[in-house]
2 protein chains.
Amino acid sequence: MAPSSPEVLLWQRARDPHTGRWALPGGRLGATEDVEASVRRHLAEKVDLGEVAHVEQLSVFSDPHRGPAPRRVATAFLGLVPSDADPAVPDDTAWHPVDALPPTAFDHGEITRAGLDRLRAKLSYTNIGFALAPEIFSISELRRLYASALGHRVSATNLQRVLTRRGVLVPTGSTAAPGPSGGRPAALFRFSEHRLRVTDPFATLRPPDC
Amino acid sequence: MAPSSPEVLLWQRARDPHTGRWALPGGRLGATEDVEASVRRHLAEKVDLGEVAHVEQLSVFSDPHRGPAPRRVATAFLGLVPSDADPAVPDDTAWHPVDALPPTAFDHGEITRAGLDRLRAKLSYTNIGFALAPEIFSISELRRLYASALGHRVSATNLQRVLTRRGVLVPTGSTAAPGPSGGRPAALFRFSEHRLRVTDPFATLRPPDC
DNA sequence: GCAAAAGTGTTCTGGCTACACCCATGG
DNA sequence: CCATGGGTGTAGCCAGAACACTTTTGC
């Protein structure tokens, strides 16, 4: 069975065009901010998401017919919050699993897929997991997060070894209490860094011996 | 010694702001085109570059102070032409090696570096070389192109094997005439595809056994 | 003791690098 | 026949996947 998927925050439009359809949070670029600042501002204003763990630019969506006139050009971003974040969201706003999106407004479905693709790719070769995981977590929890985002099973054994070898994961020394049905207590880890870093640079055609 | 670097097409500004500095080709987005169409149109209009082998979006540059008022938001692109392309360029336009840029206008130096970084990364894990190489080429020629773009020496032996294993390179059967000082005639190759394809997907954390 | 959950040891594989060696041509 | 430029054979390395086995808990 496929693991459950990550979720996107969407708000339901109350007026035309596309009344009732679900849209990504966002808005106009201010005169004195760059696009990233604008994204952070809109998230903080419209939804209670002042603490976004990671934000990165996806791509520009500029099809002249992506929405009704007047023509709009959108710079799409991927923003991630940890699994234990629980922002207070307005009534018209809700989290939706990316593999079962409600009817989306404009090209926001396409944008969402682009975000998921980017996340999946970066899980492989960067430490981007820091933006999905709580501050402290067990390997099993992390495994569930990775499996959910990637859409396939992930081996806890290998996940731990890969991330440890890369210096991404640091043991805290403490352990979690076992569940009601027993089992060995899980060791707890945290990410060594909370900034995006490429941990597995493309090795192919690398410089000779240096 | 470092190999010679790839070149960027720049034009010299004739008026304020930044008179005399060198700028990337580009211009305003039209009302009925998307950003990629706009890039292709500007290249075709301003310089004789109707035949760009590959175009891809880099990123949006939107610092409110990236240029004088009025504020402009730029969507930067990477465009590649084969090494044997020789477009007729206007008088105010010239190719410059990326490792020795003349004084650049606005943030165009930064944009150029971003383009080079993107090219370097993609040389490792895609077939993007098709956009740099002539239709038919020897491994030595291709080696020079890769070394120049990557900024370090590249082994012809391994380059051939990597690209062949990935199915990117196809032998044509013919050979090139040796140079004046002799030497074995080089076998000639071409790229199997002229569309970007990821040839070395990130293997880490791939799905189990399937 | 037994089931459940977590963690370790070990082997195998495949892609890439490195390097020694072999091939074809001009003078 | 030798210098020059091309091409092949082969060994080693390393990251990751797979899987069997061990450890620590609740009941």
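Since we're looking at a predicted model, the values are computed, not measured. Every chain is numbered from 1 and lettered A, B, ... according to where its sequence line falls, protein lines coming before strand lines.
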d([atom1], [X]; [atom2], [N]) in whole Å:
{"X": "B/R144", "N": "D/dG6", "atom1": "CZ", "atom2": "C1'", "answer": "12 Å"}
{"X": "B/N158", "N": "D/dG7", "atom1": "CG", "atom2": "P", "answer": "14 Å"}
{"X": "A/E141", "N": "C/dG7", "atom1": "CD", "atom2": "P", "answer": "11 Å"}
{"X": "A/L142", "N": "C/dA6", "atom1": "CG", "atom2": "P", "answer": "13 Å"}
{"X": "A/L163", "N": "D/dA17", "atom1": "CG", "atom2": "P", "answer": "11 Å"}
{"X": "B/L159", "N": "C/dC19", "atom1": "CG", "atom2": "C1'", "answer": "17 Å"}

Just N and O in the side chain of [X]: are any of them under 4.0 Å from OP1 or OP2 of [N]?
{"X": "B/R165", "N": "C/dG15", "result": "no"}
{"X": "B/Q160", "N": "D/dG6", "result": "no"}
{"X": "A/R143", "N": "C/dA6", "result": "no"}

Would you mind listing every side-chain hydrogen bond (donor to acceptor under 3.5 Å, both in side chains) that reaches into residues 167-187 of chain A, with sequence neighbours excluded?
A/T172-A/S174

Kindly say whether [Y] contributes a backbone atom to a donor-acceptor pair with the side chain of [X] at under 3.5 angstrom?
{"X": "B/R118", "Y": "B/L58", "answer": "yes"}
{"X": "A/S62", "Y": "B/V35", "answer": "yes"}
{"X": "B/Q57", "Y": "A/V60", "answer": "yes"}
{"X": "A/H108", "Y": "A/L24", "answer": "yes"}
{"X": "A/H18", "Y": "A/F106", "answer": "yes"}
{"X": "B/R66", "Y": "B/R72", "answer": "yes"}

Does A/R161 get its side chain close enough to the base of C/dG7, under 3.5 Å, for a donor-acceptor pair?
no

Please compare A/A187 and B/R166 by the position of their nearest nucleotide in DNA chain C and report the one closer to 5'.
A/A187

To the nearest 10 degrees, what angle separates the axes at the start and end of the helix from C/dG1-D/dC27 to C/dG27-D/dC1, five pairs each?
20°

Side chains of A/F77 and A/E36 in contact at under 4.5 Å (non-hydrogen atoms):
yes

How about A/P90 and A/V47: do any of their side-chain heavy atoms sit closer than 4.5 Å?
yes

Looking at the side chain of A/A186, which of C/dA18, D/dG16, C/dG7 is the nearest nucleotide?
C/dG7

Treating primed atoms plus P, OP1 and OP2 as sugar-phosphate and everything else as base, which nucleotides of nucleotides 20-27 of chain C get B, S or - for protein heavy atoms under 4.0 Å?
---BBBSS

